[in-house]
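Start at 1 with the first residue, then count along the sequence. When reading the values below, keep in mind they use all heavy atoms of this one structure, side chains included, and skip hydrogens, waters and symmetry mates.
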Amino acid sequence: MSEIDDLQRRITAAMQRIGTGVETLAARAQTPAVPATQEPTPDQVALEEALEEEKLANAQLEERLRALKTRHGEEIAALKAGADNSAELDALRAELDAQHQLMAGLDKDLQRLRQANDQLRDSNEALRRANENGVGEPELINRALEAELEGLRAARATDLAEANAVLAKLEPLLAGAPNLPEGEEH
(Lines give C-alpha, C1' and ligand atoms only; values in the text may rest on other atoms or scores of the structure.)
Protein backbone atom coordinates (compact mmCIF):
# COMPACT_ATOMS: atom_id res chain seq x y z
CA MET A 1 0.00 0.00 0.00
CA SER A 2 2.90 2.38 0.77
CA GLU A 3 4.17 1.84 -2.79
CA ILE A 4 0.83 2.99 -4.18
CA ASP A 5 0.82 6.07 -1.93
CA ASP A 6 4.39 6.88 -2.96
CA LEU A 7 3.55 6.47 -6.63
CA GLN A 8 0.44 8.60 -6.26
CA ARG A 9 2.47 11.35 -4.55
CA ARG A 10 5.07 11.23 -7.30
CA ILE A 11 2.42 11.34 -10.04
CA THR A 12 0.78 14.34 -8.36
CA ALA A 13 4.13 16.18 -8.14
CA ALA A 14 4.85 15.37 -11.79
CA MET A 15 1.42 16.63 -12.83
CA GLN A 16 2.04 19.88 -10.93
CA ARG A 17 5.38 20.33 -12.67
CA ILE A 18 3.73 19.62 -16.02
CA GLY A 19 1.00 22.13 -15.18
CA THR A 20 3.59 24.75 -14.33
CA GLY A 21 5.42 24.04 -17.57
CA VAL A 22 2.19 24.27 -19.57
CA GLU A 23 1.31 27.59 -17.92
CA THR A 24 4.76 28.91 -18.74
CA LEU A 25 4.41 27.79 -22.35
CA ALA A 26 0.93 29.32 -22.54
CA ALA A 27 2.26 32.62 -21.19
CA ARG A 28 5.03 32.58 -23.75
CA ALA A 29 2.56 31.73 -26.48
CA GLN A 30 0.73 34.95 -25.70
CA THR A 31 3.90 36.93 -26.19
CA PRO A 32 4.64 38.05 -29.73
CA ALA A 33 5.50 35.17 -31.99
CA VAL A 34 9.10 34.54 -32.75
CA PRO A 35 9.84 34.63 -36.42
CA ALA A 36 10.13 31.16 -37.92
CA THR A 37 13.65 31.79 -39.00
CA GLN A 38 14.77 32.26 -35.44
CA GLU A 39 15.95 29.29 -33.39
CA PRO A 40 14.14 28.53 -30.08
CA THR A 41 15.76 30.11 -27.10
CA PRO A 42 17.77 27.95 -24.69
CA ASP A 43 15.02 28.45 -22.08
CA GLN A 44 12.39 27.12 -24.48
CA VAL A 45 14.54 24.12 -25.37
CA ALA A 46 15.14 23.39 -21.69
CA LEU A 47 11.42 23.70 -20.89
CA GLU A 48 10.44 21.44 -23.77
CA GLU A 49 13.02 18.84 -22.69
CA ALA A 50 11.77 19.07 -19.10
CA LEU A 51 8.19 18.67 -20.34
CA GLU A 52 9.12 15.57 -22.34
CA GLU A 53 10.99 14.10 -19.37
CA GLU A 54 8.00 14.72 -17.10
CA LYS A 55 5.64 13.13 -19.65
CA LEU A 56 7.91 10.08 -19.82
CA ALA A 57 8.16 9.90 -16.01
CA ASN A 58 4.39 10.25 -15.76
CA ALA A 59 3.83 7.42 -18.26
CA GLN A 60 6.26 5.18 -16.35
CA LEU A 61 4.56 5.90 -13.05
CA GLU A 62 1.13 5.21 -14.51
CA GLU A 63 2.41 1.88 -15.88
CA ARG A 64 3.81 0.93 -12.48
CA LEU A 65 0.51 1.88 -10.86
CA ARG A 66 -1.38 -0.33 -13.33
CA ALA A 67 1.02 -3.21 -12.59
CA LEU A 68 0.51 -2.77 -8.83
CA LYS A 69 -3.28 -2.72 -9.25
CA THR A 70 -3.10 -5.89 -11.34
CA ARG A 71 -0.93 -7.64 -8.75
CA HIS A 72 -3.29 -6.49 -6.00
CA GLY A 73 -6.25 -7.92 -7.95
CA GLU A 74 -4.46 -11.24 -8.34
CA GLU A 75 -3.72 -11.36 -4.61
CA ILE A 76 -7.39 -10.72 -3.82
CA ALA A 77 -8.41 -13.49 -6.23
CA ALA A 78 -5.95 -15.86 -4.52
CA LEU A 79 -7.40 -14.98 -1.12
CA LYS A 80 -10.94 -15.60 -2.40
CA ALA A 81 -9.83 -18.98 -3.75
CA GLY A 82 -8.38 -19.72 -0.30
CA ALA A 83 -11.76 -18.84 1.21
CA ASP A 84 -13.42 -21.33 -1.16
CA ASN A 85 -10.94 -23.96 0.02
CA SER A 86 -11.84 -23.21 3.62
CA ALA A 87 -15.48 -24.09 2.86
CA GLU A 88 -14.30 -27.40 1.45
CA LEU A 89 -12.10 -27.87 4.52
CA ASP A 90 -15.11 -27.23 6.78
CA ALA A 91 -17.09 -29.88 4.91
CA LEU A 92 -14.22 -32.35 5.36
CA ARG A 93 -14.04 -31.55 9.07
CA ALA A 94 -17.78 -32.15 9.43
CA GLU A 95 -17.39 -35.48 7.65
CA LEU A 96 -14.47 -36.38 9.93
CA ASP A 97 -16.55 -35.53 13.00
CA ALA A 98 -19.35 -37.75 11.71
CA GLN A 99 -16.85 -40.57 11.20
CA HIS A 100 -15.55 -40.11 14.75
CA GLN A 101 -19.10 -40.32 16.09
CA LEU A 102 -19.75 -43.49 14.10
CA MET A 103 -16.51 -45.00 15.37
CA ALA A 104 -17.40 -44.05 18.96
CA GLY A 105 -20.78 -45.77 18.53
CA LEU A 106 -19.09 -48.81 17.05
CA ASP A 107 -16.62 -48.91 19.95
CA LYS A 108 -19.51 -48.68 22.44
CA ASP A 109 -21.31 -51.54 20.70
CA LEU A 110 -18.11 -53.63 20.69
CA GLN A 111 -17.71 -53.04 24.45
CA ARG A 112 -21.32 -54.13 24.94
CA LEU A 113 -20.67 -57.25 22.87
CA ARG A 114 -17.58 -58.12 24.91
CA GLN A 115 -19.50 -57.64 28.14
CA ALA A 116 -22.37 -59.83 26.88
CA ASN A 117 -19.91 -62.52 25.81
CA ASP A 118 -18.26 -62.43 29.25
CA GLN A 119 -21.68 -62.86 30.91
CA LEU A 120 -22.49 -65.70 28.53
CA ARG A 121 -19.23 -67.47 29.37
CA ASP A 122 -19.86 -67.06 33.09
CA SER A 123 -23.44 -68.35 32.78
CA ASN A 124 -22.36 -71.31 30.66
CA GLU A 125 -19.62 -72.17 33.15
CA ALA A 126 -22.15 -72.09 36.03
CA LEU A 127 -24.59 -74.18 33.99
CA ARG A 128 -21.89 -76.75 33.23
CA ARG A 129 -20.98 -77.05 36.90
CA ALA A 130 -24.63 -77.48 37.83
CA ASN A 131 -25.05 -80.17 35.20
CA GLU A 132 -21.90 -81.96 36.41
CA ASN A 133 -23.37 -82.05 39.90
CA GLY A 134 -26.61 -83.38 38.51
CA VAL A 135 -28.55 -80.33 39.60
CA GLY A 136 -30.50 -78.69 36.77
CA GLU A 137 -31.24 -75.21 38.04
CA PRO A 138 -33.82 -73.33 35.97
CA GLU A 139 -32.41 -70.01 37.27
CA LEU A 140 -28.99 -70.77 35.71
CA ILE A 141 -30.61 -71.81 32.45
CA ASN A 142 -32.64 -68.57 32.34
CA ARG A 143 -29.52 -66.45 33.05
CA ALA A 144 -27.59 -68.30 30.35
CA LEU A 145 -30.39 -67.74 27.84
CA GLU A 146 -30.64 -64.05 28.79
CA ALA A 147 -26.87 -63.64 28.42
CA GLU A 148 -27.01 -65.37 25.05
CA LEU A 149 -29.85 -63.09 23.91
CA GLU A 150 -27.91 -60.01 25.07
CA GLY A 151 -24.86 -61.28 23.20
CA LEU A 152 -26.92 -61.71 20.04
CA ARG A 153 -28.40 -58.21 20.41
CA ALA A 154 -24.95 -56.72 20.98
CA ALA A 155 -23.57 -58.60 17.97
CA ARG A 156 -26.45 -57.30 15.83
CA ALA A 157 -25.86 -53.73 17.05
CA THR A 158 -22.14 -54.08 16.27
CA ASP A 159 -22.89 -55.38 12.78
CA LEU A 160 -25.32 -52.51 12.21
CA ALA A 161 -22.75 -49.95 13.42
CA GLU A 162 -20.10 -51.44 11.13
CA ALA A 163 -22.49 -51.35 8.17
CA ASN A 164 -23.36 -47.72 8.94
CA ALA A 165 -19.66 -46.83 9.12
CA VAL A 166 -19.04 -48.46 5.74
CA LEU A 167 -22.06 -46.69 4.22
CA ALA A 168 -20.94 -43.36 5.63
CA LYS A 169 -17.55 -43.86 3.96
CA LEU A 170 -19.13 -44.91 0.63
CA GLU A 171 -21.76 -42.15 0.37
CA PRO A 172 -19.29 -39.30 -0.37
CA LEU A 173 -17.51 -41.50 -2.88
CA LEU A 174 -20.75 -42.40 -4.63
CA ALA A 175 -21.94 -38.78 -4.61
CA GLY A 176 -18.83 -37.77 -6.56
CA ALA A 177 -18.99 -40.75 -8.94
CA PRO A 178 -20.20 -40.32 -12.53
CA ASN A 179 -23.74 -41.39 -13.33
CA LEU A 180 -24.32 -45.11 -12.97
CA PRO A 181 -25.54 -47.18 -15.96
CA GLU A 182 -29.29 -47.70 -16.22
CA GLY A 183 -30.73 -50.20 -13.79
CA GLU A 184 -28.07 -49.59 -11.14
CA GLU A 185 -28.85 -47.52 -8.12
CA HIS A 186 -26.83 -46.35 -5.17
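Between the side chain of S123 and the backbone N or O of A147 there is no donor-acceptor pair closer than 3.5 Å. Looking at Q44, its side chain does come within 3.5 Å of a backbone N or O of T41 through a donor-acceptor pair.
The structure places CZ of R114 at 11.5 Å from CG of D109, a figure rounded to the nearest 0.5 Å. One finds the CD atom of Q8 at 13.5 Å from the CD atom of E3 (value rounded to the nearest 0.5 Å). Here CG of D6 is found 11.5 Å from CG of L65. Values are rounded to the nearest 0.5 Å. How far CG of D97 is from CG of L92: 11.0 Å, rounded to the nearest 0.5 Å. For the atom pair OG1 (T70) and CD (E75), the distance works out to 11.0 Å, reported to the nearest 0.5 Å. To the nearest 0.5 Å, the span separating CD on Q99 from CE on M103 amounts to 8.0 Å.
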ask   = Which is it for Q111 and D107 under the side chain to side chain contact (heavy atoms under 4.5 Å, CB included) test, yes or no, and what are the steps along the way?
value = CA-CA 6 Å; Q111 294 300 327; D107 187 47; 3.9 Å; yes

query = When you look at R10 and R64, which way does the side chain to side chain contact (heavy atoms under 4.5 Å, CB included) test go after all the steps?
reply = CA-CA 12 Å; R10 289 177 61 191; R64 286 181 65 191; 3.8 Å; yes

task = Take M15 and T12 through the side chain to side chain contact (heavy atoms under 4.5 Å, CB included) test and state the conclusion after the steps.
result = CA-CA 5 Å; M15 295 298 277; T12 303; 5.7 Å; no

Stepwise side chain to side chain contact (heavy atoms under 4.5 Å, CB included) test for V166 and E162 = CA-CA 6 Å; V166 169; E162 286 177 344; 5.6 Å; no

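Residue A157 comes nearest to R112 through the heavy atom pair CB-NH1, 4.0 Å, listed as atom of the first residue, atom of the second, then distance. Nearest heavy atom pair, residue E62 against residue I11, reads N-CD1, 4.2 Å. The shortest heavy-atom contact between L102 and A168 is CD1-CB, 3.2 Å. When every heavy atom of I18 is checked against every heavy atom of E54, the shortest pair comes out as CG1-CB, 3.6 Å.
The pair R66-E63 meets the salt-bridge criterion, since a charged nitrogen lies less than 4.0 angstrom from a carboxylate oxygen. Under 4.0 Å is where a charged nitrogen must lie from a carboxylate oxygen, and between D159 and R156 no such pair does.
Looking at heavy atoms from C-beta onward, E146 lies out of side-chain contact with L149 at the 4.5 angstrom threshold.
Under a hydrophobic-cluster definition in which Ile, Leu, Val, Met, Phe, Trp and Tyr are linked whenever side-chain heavy atoms come within less than 4.5 Å, directly or via other members, L61 and L68 are assigned to the same cluster.
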